[in-house]
Amino acid sequence: MPAITLPDGSQRNFDGAVTGTTIAQAIGPGLAKAALIMVVDGVEMDMSREISADATVKFITRRDEDALELIRHDAAHIMAEAVQALYPGTQVTIGPAIENGFYYDFYRNEPFTPEDLPAIEAKMREIVAANTPFTREVWNREEAIEFFEKKGERFKAELIRDLPGGETITIYRQGEWLDLCRGPHLRATGDVGTAFKLMKTAGAYWRGDSKNPMLSRIYGTAWRDQKELDAYLHQLEEAERRDHRRLARQMDLFHIQEEAVGSIFWHPKGWRLYRTVEAYIRRRQEEGGYEEVRTPQLVDRKLWEKSGHWDKYRKHMFIADVVEEESTLALKPMNCPCHVQIFRQGLRSYKQLPIRMAEFGSCHRYEPSGALHGIMRVRAFTQDDAHIFCTEDQIADETVRFVELLESVYKDFGFESFAVKFSDRPETRAGDDEVWDRAEGALKAACAQAGVEYTLNPGEGAFYGPKLEFVLRDAIGRDWQCGTIQVDFVLPERLDAEYVTSESGRARPVMLHRAIIGSFERFLGILIEQYAGRFPLWLAPTQAVVATIVSDADEYAQEVAAALQKAGLAVELDISNQKIQAKIRDHSLHHVPNILVVGRREAEERKVALRRLGGAAQEVMTLDEAVAQLTREATPPDLQRA
RNA sequence: GCUGUCAUAGCUCAGGGGUAGAGCACUUCAUUGGUAAUGAAGAGGUCCUGGGUUCAAUUCCCAGUGACAGCACCA
């Protein structure tokens, strides 16, 4: 006699076991029609499942956000059925719901191409229209393996074989077609609805391992209704407009070309943006007790051998052989070994710690060609790198200080929210477990002290220590690691860094590797997308354009531009033979934040008509006022606070 | 690196076995205008590179390079 408690607190009693469908019907015909799935004591279950004990039950309908994942998961199944119907011999593997949609990985000699998608999508719509019920079956493990092997589905068989011993093996059937699946599922294929679309094909390794065969993946998107789907597709188009590669061309910030793949040619405007960010970070770090250094680009392989990088990353290093000598140099892929060399000059005392050594370090890494992405992932980049040499006791305080600085910097750049990941020991690593226990423990304690909430990223730490990653998201929804802090007990040992203790003994410092923005290239890419090119004034590559209405005002316009330039603003002069409308349009399209319009009237009165980007109104003021106002507005946020 | 797609004017793109086009940008001329496109004329191409097929290749085939998407990688 199960008593079912509903979300509103009310209870209903049934004689004997009941299905979700029965409960929903008892509550009302509307719910019975709408309920896609039930949640029993927090566990999602098919509507057809029976409940025989007391339980708390709620139902998920199309109105619930939670329905999205179910719809997407079912859409993946339906896609798999469609594919196998159209392309016999294709093997199924896995097909989960993901953010905004779903995918399914297939094994097939001929990979799927975009041309295949319309037919598959059409077949899917047929299956949805048929509204075939999903039914759940519990199978015996051995029989399931045998069944799939007989069918030639070796990937499925492997999946079942690898399921943990006690796991119930469930099969979901939709008409003739069936798949191994944990469930739960919607009631029938029709519940998926019609708001879905197949998006693209791609290769993906079986079980995410490049040693395994490559599968053919099809991505789709699915939503609760057409409106949501349209909104999503529209959002994708908008994101494309924010793409930093496109904006860089449009705004003349930088370019990349074949002769220097993965390296950036910074144009004057892009470089100005770069220097503005660099100057800002330099000020913030000086204020934060860092000392800036500069270390060599080319360093003998002996140092990389000692640090362990040669062993692990040699394939990703640019090597320079010297004909005249018997030496092999490498372009530095990172700065830490060099910073240790500075630390090692002379005797260090415990009284000097912590030492915060910063460098805008230019690094080169031979990134795999497929990893390159605009300015976000390159082969030559500059980090806002620093290493904090400190004692074990100082780790927590230094981490707190760092996190505070990072949060303040991100806020100044307009990033209010970002993800934090804690990456712990990887499989191949330097240092024994005791050292890793200490390093991970110290970093966790520091997080607690700093009030940092993170998600765990198991096994993703650096080879020498655990790390916190600060992740920002680009316009297309891709996540990028920018900031990081890493606890390292290993390199000081390998590179023999030590200091004199209060007892006049010798001890190893701990190294904290840390970066706030990470690489300038990546951060600027994200910054461009974040603002869609419409930067706040202090970051704008062109802060103002002086545009004339008539050529009689040319001379005065030059004077205005000179005055702004003298005040430190990035200003351009437009005395071209164009109508003012055309000039406004042109500079607005290039996201110039301020246009100072001068005509005969302004020239006579020594005024300017200031027009803000996107605004229709203009404000007439004297030249002096304009200079003062724009200078004030263009002051970087840290200097405004000072 | 792997799988797929793509590569034509500065940019965005159309085209197609018989040496090529549009819009924007650019140059020149006319126009001196009041807040998101003044008009006209002109210039601009090794159709990514190298092979092959063909009477003929920018177009078809093969290879390379690069870009894009995803996967793998990311000290």
Side-chain angles (χ1 to χ4, degrees), chain A residues 103 105 110-116 199-219 243 245-246 249-250 252 255-259 261-262 304 307-313 315-317 332-337 363 365-374 376-379 381 383 385 426 430 460-465 467 469 476 478 480-481 484 486 488 491 513 518-519 522 547-554 577-589 595-602 609-618 620:
Chain A
Y103 68 77
D105 287 345
E110 283 284 293
F112 292 106
T113 70
E115 284 85 68
D116 298 324
M199 303 296 283
K200 56 193 173 193
T201 60
Y205 296 108
W206 167 238
R207 298 200 145 172
D209 189 331
S210 59
K211 290 196 271 301
N212 288 340
M214 179 152 280
L215 308 171
S216 183
R217 175 175 296 181
I218 302 176
Y219 282 95
D243 191 310
R245 294 163 296 193
R246 179 192 176 109
R249 212 176 296 122
Q250 196 187 331
D252 195 17
H255 84 272
I256 307 173
Q257 66 185 50
E258 233 178 277
E259 289 81 357
V261 171
W304 306 113
S307 69
H309 291 98
W310 188 264
D311 233 19
K312 190 159 165 50
Y313 289 113
K315 286 202 295 285
H316 300 279
M317 288 164 76
K332 68 172 169 186
M334 25 107 70
N335 309 296
C336 22
C363 296
R365 294 178 187 172
Y366 183 79
E367 301 284 7
S369 57
L372 300 176
H373 180 85
M376 306 280 209
R377 185 89 181 265
V378 287
R379 288 180 176 158
F381 55 95
Q383 296 173 310
D385 200 8
E460 297 294 322
F463 76 88
Y464 50 69
K467 62 179 181 177
E469 296 174 39
I476 313 166
R478 286 185 270 221
W480 299 94
Q481 177 196 311
T484 183
Q486 311 172 356
D488 179 6
L491 278 186
H513 306 243
S519 97
R522 173 174 298 180
T548 51
I549 295 170
V550 292
S551 52
D552 288 353
D554 286 0
N577 185 9
Q578 283 290 316
K579 285 171 72 164
I580 191 63
Q581 287 91 330
K583 293 186 188 183
I584 299 278
R585 178 182 148 85
D586 186 33
H587 302 301
S588 297
L589 287 175
I595 302 175
L596 287 76
V597 177
V598 297
R600 224 172 254 129
R601 214 153 55 218
E602 287 77 12
L610 177 59
R611 186 200 155 101
R612 308 286 191 172
L613 177 59
Q618 48 176 319
V620 179

Could you measure between the two C1' atoms, the one in B:A20 and the one in B:U8, and give it in whole Å? 8 Å
State which of B:G4, B:A36, B:G34 makes the closest approach to the side chain of A:Ser588. B:A36
So which one's nearest nucleotide on RNA chain B is more toward 5', A:Glu367 or A:Arg601? A:Arg601
Per A:Ile549 side chain, nearest of listed nucleotides B:A67, B:G34, B:C11: B:G34
Is any NZ, NE, NH1 or NH2 atom of the basic residue among A:Asp243 and A:Arg245 found under 4.0 Å from an Asp or Glu carboxylate oxygen of the other? yes
Checking only heavy atoms, does the side chain of A:Arg377 share a donor-acceptor pair with the base of B:C73 at less than 3.5 Å? yes
Counting only side-chain N and O atoms of A:Gln578, is one of them less than 4.0 Å from OP1 or OP2 of B:U38? yes
When the P atoms of B:A40 and B:G45 are compared, how many Å lie between them, rounded to an integer? 24 Å
With a 3.5 angstrom cut-off on both distances, give the Watson-Crick or G-U wobble partner of B:U5, or none if there isn't one. B:A67
Base, sugar-phosphate or nothing for A:Ala617? Non-hydrogen atoms, less than 4.0 Å. nothing
Between the main-chain N or O of A:Ile595 and the side-chain N or O of A:Arg611, is there a donor-acceptor pair closer than 3.5 Å? no
Residue mapping more 5' on RNA chain B - nearest nucleotide basis, A:Gly374 or A:Asp552: A:Asp552
Atom P, compared across B:G34 and B:U38: separation rounded to whole Å: 11 Å
Can you tell me which nucleotide in B:A36, B:A75, B:G4 comes closest to the side chain of A:Met317? B:A75
Side-chain (A:Thr548) to main-chain (A:Ser551) donor-acceptor, under 3.5 angstrom: no
OP1, OP2 of B:A36 versus side-chain N and O of A:Arg611: anything below 4.0 Å? yes
Distance check, P atoms only: B:A63 and B:C68, in whole angstrom units. 22 Å
Could you give the CZ-to-C1' distance, from A:Arg217 to B:G4, as a whole number of Å? 13 Å
Any N or O donor-acceptor pair under 3.5 Å from the base of B:U65 to the side chain of A:Glu258? no
Nearest-neighbour nucleotide for the A:Ala462 side chain, B:A75, B:G34, B:G70 considered: B:A75
With a 3.5 Å limit on both atom pairs, tell me what B:C13 is paired to, counting Watson-Crick and G-U wobble, or say none. B:G21
A:Arg379 side-chain N/O to A:Glu367 backbone N/O, donor-acceptor pair under 3.5 Å: yes
At less than 3.5 Å, do the side-chain atoms of A:Ser551 and the base atoms of B:U32 form a donor-acceptor pair? yes
Only pairs with both distances under 3.5 Å count, Watson-Crick or wobble alike; so what is the partner of B:U54 in this structure? none
Hey, does A:Gln581 reach any base, or is it just sugar-phosphate, or nothing, if we go heavy atoms under 4.0 Å? sugar-phosphate
Under a 3.5 Å cut-off for both contacts, is B:A75 paired Watson-Crick or G-U wobble with anything, and if yes, with which nucleotide? none
Starting at CD of A:Glu115 and ending at C1' of B:C6, how long is that distance when rounded to a whole Å? 12 Å
Specify the separation, in whole Å, of atom CG of A:Leu589 and atom C1' of B:A25. 12 Å
Looking at side-chain heavy atoms only, is the closest gap between A:Asp116 and A:Thr201 below 4.5 Å? no
Separation of B:A75 atom C1' from A:Lys315 atom NZ, nearest Å, is 14 Å
For the backbone of A:Leu372 and the side chain of A:Arg377, can you confirm whether one donor and one acceptor N or O come within less than 3.5 Å of each other? no
Base, sugar-phosphate, or nothing for A:Ile584, non-hydrogen atoms under 4.0 angstrom? base
Who pairs with B:A41 - Watson-Crick or G-U, where each distance is under 3.5 Å: B:U27
Categorize A:Pro111 for me: base, sugar-phosphate, or nothing, with a 4.0 angstrom heavy-atom threshold over every strand shown. sugar-phosphate
For A:Glu110, I'd like to know if atom CD has over 12 heavy atoms of other residues, nucleotides or ligands within 6.0 Å. no
According to the interplanar angle, ranging from 0 to 90°, do the rings of A:His513 and A:Tyr464 count as parallel (below 30°), tilted (30 to 60°) or perpendicular (above 60°)? parallel
Measure the distance from CG on A:Leu372 to C1' on B:G1 and round it to the nearest whole Å. 11 Å
Does the structure show a Watson-Crick or G-U wobble partner for B:U59, both distances under 3.5 Å? Name it, or say none. none
Think A:Lys467 has a side-chain N or O under 4.0 angstrom from the OP1 or OP2 of B:A75? yes
Work out how far the C1' atom of B:U53 is from that of B:C62, and round it to whole angstrom. 11 Å
Here the distance between atom P of B:C73 and atom OH of A:Tyr366, to the nearest Å, is 17 Å
Distance between the P atoms of B:G23 and B:C6, in whole angstroms? 27 Å
Integer angstrom distance from the C1' of B:A7 to that of B:U59: 13 Å
Which part of the nucleic acid does A:Gly208 contact within heavy-atom distance under 4.0 Å: base, sugar-phosphate only, or nothing? sugar-phosphate
Under the 3.5 angstrom rule, does the side chain of A:Glu602 hit a backbone N or O of A:Ala553 as a donor-acceptor pair? no
Let me know the distance between CD of A:Gln486 and P of B:A75, rounded to the nearest Å. 7 Å
If we take the P atom in both B:A36 and B:U28, what is their distance in whole Å? 27 Å
Answer yes or no as to whether B:A75 has its base stacked against A:Phe463, where stacking requires a ring-centre separation under 5.5 angstrom and planes under 30 degrees apart. no
Identify which nucleotide among B:C73, B:G4, B:A69 has an atom closest to any side-chain atom of A:Pro368, counting heavy atoms from C-beta outward. B:C73
Let's see if you can work this out: which of B:G34, B:U32, B:A67 has an atom nearest to the side-chain heavy atoms of A:Glu602? B:G34
Which listed nucleotide (B:A37, B:C11, B:U5) is nearest to the side chain of A:Ala582? B:A37
Any side-chain N or O of A:Arg249 below 4.0 angstrom from OP1/OP2 of B:G10? no
Phosphate-side-chain proximity, A:Arg478 and B:A69, N/O vs OP1/OP2 below 4.0 Å: yes
Which of these nucleotides, B:G70, B:A75, B:A69, is closest to any side-chain atom of A:Arg245? B:A69
Describe the nucleic acid contact of A:Tyr464 in one word from base, sugar-phosphate, nothing, applying a heavy-atom distance below 4.0 Å. sugar-phosphate
Can you tell me if the side-chain N/O atoms of A:His373 get under 4.0 Å from OP1 or OP2 in B:A67? no
Out of B:A75, B:C71, B:A36, which nucleotide sits closest to the side chain of A:His316? B:A75
Tell me: NZ of A:Lys200 to C1' of B:G70, nearest whole Å? 7 Å
Would you mind telling me which of B:A37, B:C2, B:G4 lies closest to the side-chain atoms of A:Tyr205? B:C2
Evaluate whether atom CG of A:Asp554 has more than 12 neighbouring non-hydrogen atoms of other residues, nucleotides or ligands under 6.0 angstrom away. yes
